[in-house]
Amino acid sequence: MKHETEIVSPRRAAKQLMQDEVSKQALPRSIHLVPMDYLDGFSVRPGFYEINGATAIPGGVNFTVYSHGATSIELLLFRRTEQEPFAVLPFPQHYRIGNVYSMIVFKLDIQEFEYAYRVDGPYDPSKGLIYDRSKYLLDPYAKAVTGQSRWGVTGPQGQHYRARVVKDDFDWEDIAPPLIPMEDLIIYELHVRGFTMHESSGVEHPGTFAGLMEKIPYLLSLGVNAVELMPIFEFDEMLDYREKDGKKLYNYWGYNTVSFFAPNTSYTASTEYNREGNELKNLIQAFKQNGIEVYLDVVFNHTAEGNEQGPFFSFKGFDNNIYYLLTPNGDYYNFSGCGNTLNCNHPIVHQMILDCLRYWVTTYRVDGFRFDLASILGRNEDGTPMNKPPLLQAMAFDPILGDVKLIAEAWDAGGLYQVGSFPSWNRWAEWNGRYRDDVRRYLKGDEGMAQAAAMRIIGSRDIYEVNSRKNASVNFITCHDGFTLYDLFSYNEKHNEKNGWENTDGAGNNDSWNCGVEGDTDDPEINSLRHRMIRNAFAILMCSRGIPMFLAGDEFCNTQFGNNNAYCQDNLTSWLDWNLLEQNQDIFRFFQIMIRFRKDHRILRTNLSNGACGFPDVSFHGVNPWQEQFTDFDRYIGVMFAGQEPYSRPQVIYVASNAYWESLDITLPELPGTMVWKLAVDTWNTELSPCRTSRDRFCIQPRSVMVWIGE
């Protein structure tokens, strides 16, 4: 059959090629193109101006990049093993529309090259203009960054990062997102490398996405249904690399983003040339197949380019005065504590962040994001907090992000603290720092903390209005930043000497208690008390309204040896020692039981009604029932939840917590009819299945928690 012939413009022809790639169908007709332009031996044409980054199309690659202040931009092509470009392709001025430069380069095999840019423009640091044509610049929309595939080995270009074109043909099959309701979440925070790097992990691919996937059966046995991965955007662990006492100190945590659209390729078990991200996609797919949601800890508050003395590899060269918050004299505002602050509410940066989030949701099927130092995302260009930040509002209402969990770390290093007041549109949840602080102080026995802790247990209603901020509180006692749960009850002071800052880094006030001895001890009474304190903490966390989150390894007493800022410790300090799982099976079983208990009793997770059995939804009690007046000397909390779902039995749970060092006699609220109180949890009793019943009275032992069910 003879095909129809048509002469079309280069723009329309390129669009036809792209549509063909998307639809994966043969071209319906032969296309005769008008003559092409030629640059450095390559045929080129104007590209797709609305598709940022580098995108493979049939017959070539589309490159689109933008800069507001540039006078010219060059595309540099490199062979994988060579340091100098084999081709330099200046964007012709007629390929520029507005501030966007776009070009299709034909007959370019994505497996045979890497790319970067050079940008020329004015130089006036007092105005934030520092264009420098001598710098090789990484594409802000790069989908893969070269030279980072081996941990601890930087590429020969140093800060001259280059990008690869990624072919996205991953088959997600028919896997649907779990869409777990917020109140049903149990979040497990982990570091991809540290989770399996220790030899005791027993995985085939330690420290990688593949190694983490091998541990999914373990996570299922524990009972968590959401994992929050510490930063997996491309970062350079060798930036700020130091040595202390002959040991290498890397940027281990990864809160120093190099590229927002690229996964950290040093977390892969094998090099994925032009297939970067597939191992991560396999991991996310496996999580979804097992009903576990995946959240990314994302860092949009700053980049790895630092301040005036920091490296210069991407954003500084494209539009320094747009991407960063600058003082009137052109210096960097530092609300992040890391040298610079991203100018998040500038329309250009705003758009890039939204594009990035949409990309991770559509291409990697991510279920949620935790935003590091999220208060920065609400600052204006002069650094002042905004009343209605456009970026935060856009995220809240973006259609692609409609089912995505948005969790804010509602403070920043500039002193802006917004726990309870973070702009939400009833869409954003928050790390509840007040939950952590109040519960820690209560658990160790500080006087005057009972009422505050009781409020945290019922969902922090004094902070979050029940209707307008439903499911806003992410409750946590430990996270990556600070002591582990074991260290919280083993150290009074931080011990960060190995970080190389003379123990001056990290928080000085940790609300911790060493139970009588600083650090490890052979004293059985102290070790028994520490285990009980861990059980107390987790029992309260699992019996609190809100979304519980805990740190990986807490379930088997993982320790960082008193280091509360292990950001640079790529060693046993930060790696999980899985030998502790066998040594502390009692703690692991208790975590399993409490997670199951929370899942089995919906009354702990949400308000089922206005109450049940004549009881209100929530109520506070002292050693005697209905004693709601707390004093500065109280260290006992009784919290009762009551409710009933349609066509089901009433649910009544009483959480008794004694932070005193003495036992107390407690009177329970009187149950109606033939109902009795049944003891479900007792942290004093190492037997994990108590089966005691009571009509109205019991004795609670020192520093222990008991949970009673009305049946």
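Keep in mind that what you see is a predicted model, and the values were worked out from it rather than measured.
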Worksheet item: Looking at Phe78, does the NZ or CZ of Arg162 lie under 6.0 angstrom from its six-membered ring centre and within 45 degrees of the ring axis?
Response: yes

Worksheet entry | Distance under 6.0 Å and angle within 45° of ring axis: Arg379 vs Phe335 | yes

Discussion item. If you define the side chain from C-beta out and look only at heavy atoms, does anything of Tyr117 sit under 4.5 Å from Glu74?
Written reply: no

Item to complete: Would you check, one step at a time, whether the test ring pair (Phe, Tyr, Trp, His ring centres under 6.0 Å) holds for Tyr252 with His191?
Response: CA-CA 9 Å; Tyr252 168 77; His191 187 282; 4.0 Å; yes

Discussion item. Under the criterion salt bridge (Lys or Arg N to Asp or Glu O under 4.0 Å), I'd like the reasoning laid out for Arg370 against Asp372: C-alpha separation, chi angles, the key distance, then a yes or no.
Written reply: CA-CA 6 Å; Arg370 177 264 185 189; Asp372 182 64; 3.1 Å; yes

Worksheet item: Between Asp236 and Tyr161, is any side-chain donor less than 3.5 angstrom from a side-chain acceptor?
Response: yes

Worksheet entry | Test of ring centre spacing under 6.0 Å for Phe315 and His302 | no

Fill in: Nearest-0.5 Å distance that lies between atom OG1 in Thr146 and atom CD in Glu276
9.0 Å

Worksheet item: Roughly how far, to the nearest 0.5 Å, is the CG atom of Leu342 from the CG atom of Leu373?
Response: 12.0 Å

Fill in: Residues Asp570 and Lys248 bridged, charged N to O under 4.0 Å
no

Discussion item. Donor-acceptor pair, distance only, cut-off 3.5 Å: does the side chain of Thr268 make one with the backbone of Thr271?
Written reply: no

Fill in: Close side-chain approach of Leu326 to Asp331, heavy-atom, < 4.5 Å
no

Item to complete: Over all heavy atoms of both residues, which pair between Pro122 and Gly69 is shortest? Give the atoms and the distance, please.
Response: CD-O, 3.4 Å

Discussion item. Please determine whether side-chain contact (heavy atoms from CB on, under 4.5 Å) holds for the pair Val65 and Val100, giving the CA-CA distance in whole Å, both sets of side-chain angles, and the decisive distance to 0.1 Å.
Written reply: CA-CA 6 Å; Val65 67; Val100 181; over 6 Å; no

Discussion item. Checking Asp37 against Tyr95: is there a side-chain donor and acceptor pair closer than 3.5 Å?
Written reply: yes

Item to complete: Could you tell me whether the side chain of Asp40 and the main chain of Leu89 form a donor-acceptor pair under 3.5 Å?
Response: no

Worksheet item: So do the side chains of Tyr324 and Glu305 get within less than 4.5 Å of each other, counting heavy atoms only?
Response: yes

Worksheet item: Within the distance-only criterion (no hydrogens, no angle test), does the side chain of Glu228 pair as donor or acceptor with the backbone N or O of Glu189 below 3.5 angstrom?
Response: no

Worksheet item: What distance do Leu392 atom CG and Arg427 atom CZ have between them, rounded to the nearest 0.5 Å?
Response: 12.0 Å

Discussion item. Using modelled atom types and a 3.5 Å cut-off, is there a donor and acceptor pairing between side-chain atoms of Asn380 and backbone atoms of Asp382?
Written reply: no

Worksheet item: Can you check whether Asn301's main-chain N or O pairs, donor with acceptor, with Ser336's side chain at less than 3.5 Å?
Response: no

Fill in: Donor on one side chain, acceptor on other, His346 and Glu381, under 3.5 Å
no

Discussion item. Other residues, nucleotides and ligands only: do more than 12 of their heavy atoms fall within 6.0 Å of CG on Asn329?
Written reply: yes

Worksheet item: Does one side chain, of Ser375 or Gln418, offer a donor that lies under 3.5 Å from an acceptor on the other?
Response: yes

Practice prompt. Indicate the atoms forming the closest heavy-atom contact of Met549 with Cys479, along with that distance.
Written response: CE-CB, 4.0 Å

Practice prompt. Apply side-chain contact (heavy atoms from CB on, under 4.5 Å) to the pair Met395 and Leu406, showing each step before the final yes or no.
Written response: CA-CA 8 Å; Met395 291 185 200; Leu406 303 175; 4.2 Å; yes

Worksheet item: Within the distance-only criterion (no hydrogens, no angle test), does the side chain of Lys405 pair as donor or acceptor with the backbone N or O of Ile180 below 3.5 angstrom?
Response: yes

Worksheet item: Should Trp411 and Trp431 be marked as a side-chain contact (heavy atoms from CB on, under 4.5 Å) after you check the CA-CA gap, both sets of side-chain angles, and the distance that decides it?
Response: CA-CA 9 Å; Trp411 55 83; Trp431 269 24; 4.2 Å; yes

Worksheet item: Do other residues, nucleotides or ligands put more than 12 heavy atoms under 6.0 Å from Tyr241 OH?
Response: yes

Discussion item. Quiz question: by atom type and distance under 3.5 Å, do the side chains of Ser126 and Asp124 form a donor-acceptor pair?
Written reply: yes

Discussion item. Is the terminal nitrogen or CZ of Arg80 (NZ for Lys, CZ for Arg) located under 6.0 angstrom from the six-membered ring centre of Tyr273 and within 45° of that ring's axis?
Written reply: yes

Fill in: Cation-pi, Tyr323 ring and Lys316 (6.0 angstrom, 45 degrees)
no

Item to complete: Carefully, step by step, assess Asn99 and His68 under the rule side-chain hydrogen bond (donor to acceptor under 3.5 Å, both in side chains).
Response: CA-CA 5 Å; Asn99 300 316; His68 183 79; 3.3 Å; yes

Discussion item. Between the side chains of Lys143 and Asp168, is the shortest nitrogen-to-carboxylate-oxygen separation below 4.0 Å, so that they form an ion pair?
Written reply: no

Worksheet item: Taking NZ, NE, NH1 and NH2 as the nitrogens, is one of them in Arg118 or Asp132 under 4.0 Å from a carboxylate oxygen of the other?
Response: no

Worksheet item: Is the closest side-chain heavy-atom distance between Leu137 and Phe318 below 4.5 Å?
Response: yes

Practice prompt. Give a yes-or-no answer on whether the side chains of Thr341 and Asn343 include a donor-acceptor pair shorter than 3.5 Å.
Written response: no

Worksheet item: Step by step, would you call Asn251 with Tyr567 a side-chain hydrogen bond (donor to acceptor under 3.5 Å, both in side chains)?
Response: CA-CA 7 Å; Asn251 188 337; Tyr567 76 100; over 6 Å; no

Discussion item. Distance alone, cut at 3.5 Å: any donor-acceptor contact between the side chains of Asp319 and Tyr131?
Written reply: yes

Practice prompt. Measure the shortest side-chain to side-chain distance between Thr363 and Phe170 over non-hydrogen atoms and say whether it is less than 4.5 angstrom.
Written response: no

Worksheet item: Any donor and acceptor pair, going by atom type alone, linking the side chain of Thr64 with main-chain N or O of Tyr49 inside 3.5 Å?
Response: no

Item to complete: Starting at CD of Glu279, measure out to CG of Leu212 and round the result to the nearest 0.5 Å.
Response: 10.0 Å

Item to complete: Indicate yes or no: at least one non-hydrogen side-chain atom of Tyr255 is less than 4.5 angstrom from one of Asp297.
Response: yes

Fill in: Under 3.5 Å: donor-acceptor pair, side chain of Asp398, backbone of Ala394
no

Worksheet item: More than 12 heavy atoms of other residues, nucleotides or ligands under 6.0 Å from CG of Asp403: is that the case?
Response: no

Worksheet item: Checking Asn320 side chain against Ile130 main chain: does a donor-acceptor pair fall under 3.5 Å?
Response: no

Fill in: Spacing of CG belonging to Asn278 relative to NZ belonging to Lys167, to within rounding of 0.5 Å
11.5 Å

Response to the item:
Those residues at least two apart in sequence (or on a different chain) that pass side-chain contact (heavy atoms from CB on, under 4.5 Å) with Ala54 are Val61, Phe63, Tyr115, Val165

Fill in: Pairwise side-chain contact, Phe300 with Phe371, heavy-atom cut-off 4.5 Å (strictly under)
yes

Item to complete: Enter the distance from Ile232:CD1 to Asn264:CG here, rounded to the nearest 0.5 Å.
Response: 8.5 Å

Discussion item. Using a 3.5 Å distance criterion without hydrogens, assess whether the side chain of Glu293 forms a donor-acceptor pair with backbone atoms of Leu179.
Written reply: yes

Practice prompt. Answer yes or no: is there a side-chain heavy-atom contact under 4.5 Å between Met238 and Trp151?
Written response: no

Worksheet item: Can you check whether Trp360 and Phe233 have ring centres sitting under 6.0 Å from each other?
Response: yes

Discussion item. With side-chain contact (heavy atoms from CB on, under 4.5 Å) as the criterion, how do Phe260 and Glu234 come out once you've worked through the C-alpha distance, each side chain's angles and the decisive distance to 0.1 Å?
Written reply: CA-CA 7 Å; Phe260 293 108; Glu234 190 66 79; over 6 Å; no

